[in-house]
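This report concerns only the one structure given below.
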Amino acid sequence: MTEPTSAPAATFPRFIHPFRAYSPAEFTFPLPEGHRFPQYKYEGVRERVLPLLPVLTAPRLRWAQAGRVHDSHYLRRWRRGEVTRKEEREFGLPWSEEMIVRTMRAAGGSLAALHDARTLGWGANLAGGTHHAFAAQAGGFCLINDAAILSRLALDEGWAQRVAVLDLDVHQGDGTAALLEHEPQAFTLSIHGERNYPFRKQRSSLDLGLPDGTTDAQYLEVLSGQALPALEAFRPDLLLFLAGADVLAGDRFGRFVLTLDGIHERNRRVLTWARDAGLPVVSMMAGGYNADHALTVAGHASVVEQGLEVFG
Ligand SMILES: [Zn+2]
């Protein structure tokens, strides 16, 4: 964003911080009328944060990068649309060329945000956090597991020695846990609804399953009393943060009753902790399906707003 000093005043950057976010919102895909996937929220979040920081078009993830954690046959079949009805049903979205393009952009936004995190301390993707994708199995609107791919790339390329994935979506990060289960340099931590989807849980490095009806106070106590100390003990040098908004009261697929203030406080605590530890952070959106669309958008925008407060 820095311009030569000779540039005319009118082109001076609008923002007095270096941060930006990535979004695949322009890459929409066809959905049947009334489908439960909240496609509206990506454009909603983009518009909401535009006054705060530049939002760039998310670049494409390359298939070879996805191949770091996913089965090549699986990737080839999804790329070509050679999938069964059962697979499509478990994924939860109908196959289309546009959906595939959008999927690779959403994951590419996370990778771009990782590069920002390495240079700026924090990078944000206004999508991603697709944690229900396994090596060869899609599920819960997740086809490509961006957090696992980023972890793998960061370790393999030497960008990090110890990666922590903090998954605060209300659903367990089952795909991420499985994909990183045998990687001692990665630590997966999930705070989720114990009785919510996925009903067959995987084993994260630390699972904190909470009851239905979990409130702000209960949630924040677990976050500060158990989750952050466990992360601290692992001594990561990169944090991948899935800042799910489906912990909010009124979410169609969540069973917690957090408030928007609770989400702000959660995000502030995580980001402040990371900043104070000198830990680069990548924030990803993950789930949010509130009946109140404005609340879904506000819940997702929170991590960007808090990120600018904490790192700006
Ligand atoms: Zn979720």
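Side chains are part of it too, since the values below use all heavy atoms of this structure and drop only hydrogens, waters and symmetry mates. We count ligands from 1, going down the list as the structure has it; atoms in each ligand are counted the same way.
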- [ ] Would you name the N/O/S atom of Asp169 that lies closest to the Zn ion (ligand 1)?
- [x] OD1
- [ ] Would you tell me whether Asp246 and His171 have side-chain atoms, one donor and one acceptor, within less than 3.5 Å of each other?
- [x] yes
Task: Name, closest N/O/S atom of Asp246 to the Zn ion (ligand 1) - done: OD2
Open item on the list: How close do Asn267 and Ser302 get, counting heavy atoms only, and between which atoms?
Closed with: ND2-OG, 2.9 Å
Open item on the list: Under the rule for side chain to side chain contact (heavy atoms under 4.5 Å, CB included), what residues qualify as partners of Ala274, not counting sequence neighbours?
Closed with: Leu239, Leu279, Val281
- [ ] Evaluate the ring planes of Phe311 and Trp122, with Trp represented by its six-membered ring, and classify them as parallel (under 30°), tilted (30 to 60°) or perpendicular (over 60°).
- [x] parallel
Task: Atom name in His171, limited to N/O/S, at shortest distance from the Zn ion (ligand 1) - done: ND1
